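Residue numbers count from 1 along this sequence. As the structure is a computational prediction, the values presented were derived from the model and not from experiment.
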Amino acid sequence: MNVHKNKITEGIIWKQLLFFFFPILIGTLFQQLYNTVDAIIVGRFVGKEALASVGGSASVLSNLVIGFFTGLSAGASVIISQFYGARDTVNLHKGLHTAYAFSIVSSLILSIAGFLLTPWMLKAINTPAETMTDSIIYLRIYFLGMLAVMIFNMGSAIMRAVGDSRRPLYYLIVCCILNIILDILLVVVIPLGIAGAAIATIISQLVSAILVTWALTSSYGILKLNLREIRFDMPTLKLEFRIGFPGGIQSCMYSLSNIIIQAAINNFGTDTAAAWAAWGKLDAIFWAVSGAFGIAVSTFVGQNYGARKFDRVFKSVRISSGLSLAICGALLSFIYFFCEPLFQLFTGDSSVVEIGVYMLKLLLPAYIIYVFIEIFLGALRGIGDVMFPTIANMVGVCLVRIPFVLFVVPLFPQIEFILVSYPLSWISTLILLIPYYFYKKKRVYQNN
């Protein structure tokens with residue numbers, strides 16, 4: 001890596017955004033792909049009950065944990081991107097090793113707690129009896145591999161924070177191929193059922209964690225991981241938490257709302273739960289694209305803010321908005337018009353496909369609203385402002401979506417009323433974020 005010229009702070013913005021965005025996108029898609037492969041293989045070779053387990057209750061509970069940690073790791077990546085942009089090697093070193101120490105300690109705590117609490121959590125969200133056993137097996141194995149999951153997520157976030165989105169992509173491609181091979185081996189050839197799918201995922205995550213850690217020990221010039229120096233620096237940890245904790249809470253609120261919605265979906269039976277699980281794998285493609293733009297704009301804003309290039313900060317936000325709107329719009333159109341054959345990848349059950357197609361066509365057009373939320377959140381996170389964005393998200397989730405599902409849906413127990421809770425919360429959040437972003441932009445120029 002060329003440590004003398006930083007294209008993020010010097011290059012043509014739209015070109016560098018796309019060069020940075022596409023490896024993140026492809027990497028995120030590959031990360032989703034091996035989760036999707038689990039669902040496809042168990043749905044086809046084990047049954048719709050197993051599909052409901054992998055993509056339903058077990059999925060939303062694991063996403064709760066991963067979402068919280070991803071929010072925390074975003075705090076570390078923002079701090080590291082700012083130190084990297086400012087060429088502050090001392091604090092860069094502290095930020096890296098503190099982030100790794102946090103990943104190790106928190107993953108061990110979550111592994112133990114998650115393993116013990118899995119049956120209780122699944123019962124709390126009304127997991128159908130016919131999917132309970134499989135869900136327990138899958139989720140417990142997943143929690144046992146939490147160290148690999150967290151090390152990879154943190155390590156790849158750090159690599160992207162300093163402008164390298166390619167190595168995480170290469171490692172994800174390797175691990176995705178490995179996961180597919182292991183899925184076929186452990187589910188189809190050696191019929192371990194849902195346990196085989198979980199084991200395949202964890203082994204793949206372990207390989208990716210090892211590759212990321214190896215790269216950080218040898219490939220980044222002023223950013224270098226020394227395994228013997230992994231420890232907490234408390235001032236740095238507090239700084240990373242100040243930025244990351246609100247994002248973690250924000251992710252938890254989204255995951256909590258999804259858990260409440262999953263509990264409501266479970267009341268409609270296994271066919272609806274299986275359709276919702278398959279839909280979750282399809283809409284994950286959109287979240288991958290939108291989230292990749294969020295990561296890209298956050299890194300661009302963070303490094304340029306650290307380098308005090310404020311015109312580039314806000315120009316990158318405008319360009320990202322246009323690019324994300326175009327690419328996400330094209331993707332949503334593709335999924336909308338080809339939804340039936342896409343659902344048939346997961347199951348041949350006509351009832352499940354029919355329910356899934358109906359839900360998708362009803363909800364999908366509203367996703368375009370979230371394109372702008374992701375860009376504004378990434379931009380504000382990049383300049384270190386996380387409190388108000390978290391409040392805006394919590395208003396949308398806690399004061400709109402969750403109350404709607406808890407109090408309105410029981411009065412009108414139909415799938416349409418569950419789905420409409422999503423766009424209602426997104427609109428509420430965006431109404432708060434837009435004026436705050438422009439207020440913050442004005443303050444940055446006034447203060448600098």
Side-chain angles (χ1 to χ4, degrees), residues 35 38-39 42 46 49-73 101-154 192-206 209 241 244-267 270 273-274 276-277 280-281 284 394 397-398 401-402 405-406:
N35 293 326
D38 285 347
V42 299
V46 185
E49 291 81 7
L51 172 60
S53 299
V54 170
S57 298
S59 178
V60 296
L61 288 174
S62 61
N63 287 341
L64 173 65
V65 175
I66 297 301
F68 179 66
F69 180 79
T70 300
L72 291 176
S73 65
F102 174 77
S103 301
I104 294 169
V105 173
S106 60
S107 65
L108 296 176
I109 295 171
L110 287 172
S111 290
I112 296 171
F115 185 88
L116 296 175
L117 295 175
T118 286
W120 175 82
M121 291 188 292
L122 290 169
K123 290 177 183 177
I125 62 171
N126 301 326
T127 302
E130 59 266 33
T131 67
M132 178 64 77
T133 300
D134 280 346
S135 295
I136 290 175
I137 292 171
Y138 187 88
L139 199 54
R140 278 186 158 170
I141 294 173
Y142 193 85
F143 274 121
L144 288 176
M146 193 57 65
L147 176 62
V149 174
M150 291 195 169
I151 288 293
F152 173 73
N153 284 340
M154 180 64 82
L192 296 180
I194 201 166
I199 293 169
T201 297
I202 291 306
I203 292 175
S204 302
Q205 289 275 17
L206 178 61
F241 255 74
F245 188 74
I249 294 298
Q250 172 185 308
S251 296
C252 279
M253 290 300 100
Y254 275 113
S255 297
L256 178 61
S257 72
N258 290 335
I259 288 172
I260 293 172
I261 289 172
Q262 182 69 53
I265 291 288
N266 287 340
N267 290 329
T270 299
W276 184 250
K281 300 304 179 184
M394 292 180 70
V397 174
C398 298
R401 187 187 303 174
I402 292 177
V405 175
L406 290 177

Tell me, with the steps shown, if L117 and F143 meet side chain to side chain contact (heavy atoms under 4.5 Å, CB included). CA-CA 10 Å; L117 295 175; F143 274 121; over 6 Å; no
Go through T118 and Y142 one step at a time and tell me if the side chain to side chain contact (heavy atoms under 4.5 Å, CB included) criterion holds. CA-CA 11 Å; T118 286; Y142 193 85; over 6 Å; no
Under the side chain to side chain contact (heavy atoms under 4.5 Å, CB included) criterion, do I109 and V105 qualify, and how do the steps go? CA-CA 7 Å; I109 295 171; V105 173; 4.1 Å; yes
Side chain to side chain contact (heavy atoms under 4.5 Å, CB included) between I260 and R401, intermediate numbers included: CA-CA 10 Å; I260 293 172; R401 187 187 303 174; over 6 Å; no
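Interatomic distance, CG of L144 versus CG of L139, reported as 10.0 Å (0.5 Å rounding). Atom OG in S106 sits 7.0 Å away from atom CE in M154 (nearest 0.5 Å). Taking CD1 of I151 as the reference point, atom OG of S103 lies at 5.0 Å (rounded to 0.5 Å). Taken from CG in L406 to CD1 in I261, the straight-line distance is 9.5 Å, to the nearest 0.5 Å. Here the straight-line distance linking atom CD1 of I136 with atom NZ of K123 works out to 7.0 Å at 0.5 Å rounding. Between the CG atom in L108 and the CE atom in M150 there is a gap of 9.5 Å [rounded to 0.5 Å].
Contact record, A209 with A148: CB-O, 3.5 Å, taken as the closest heavy-atom pair. Nearest heavy atoms, P119 versus L116: CD-O, 3.8 Å. For R140 against F115, the heavy-atom pair with the smallest separation is NE-O, 2.9 Å. Among all heavy-atom pairs drawn from I141 and I202, the shortest one is O-CG1, 3.8 Å.
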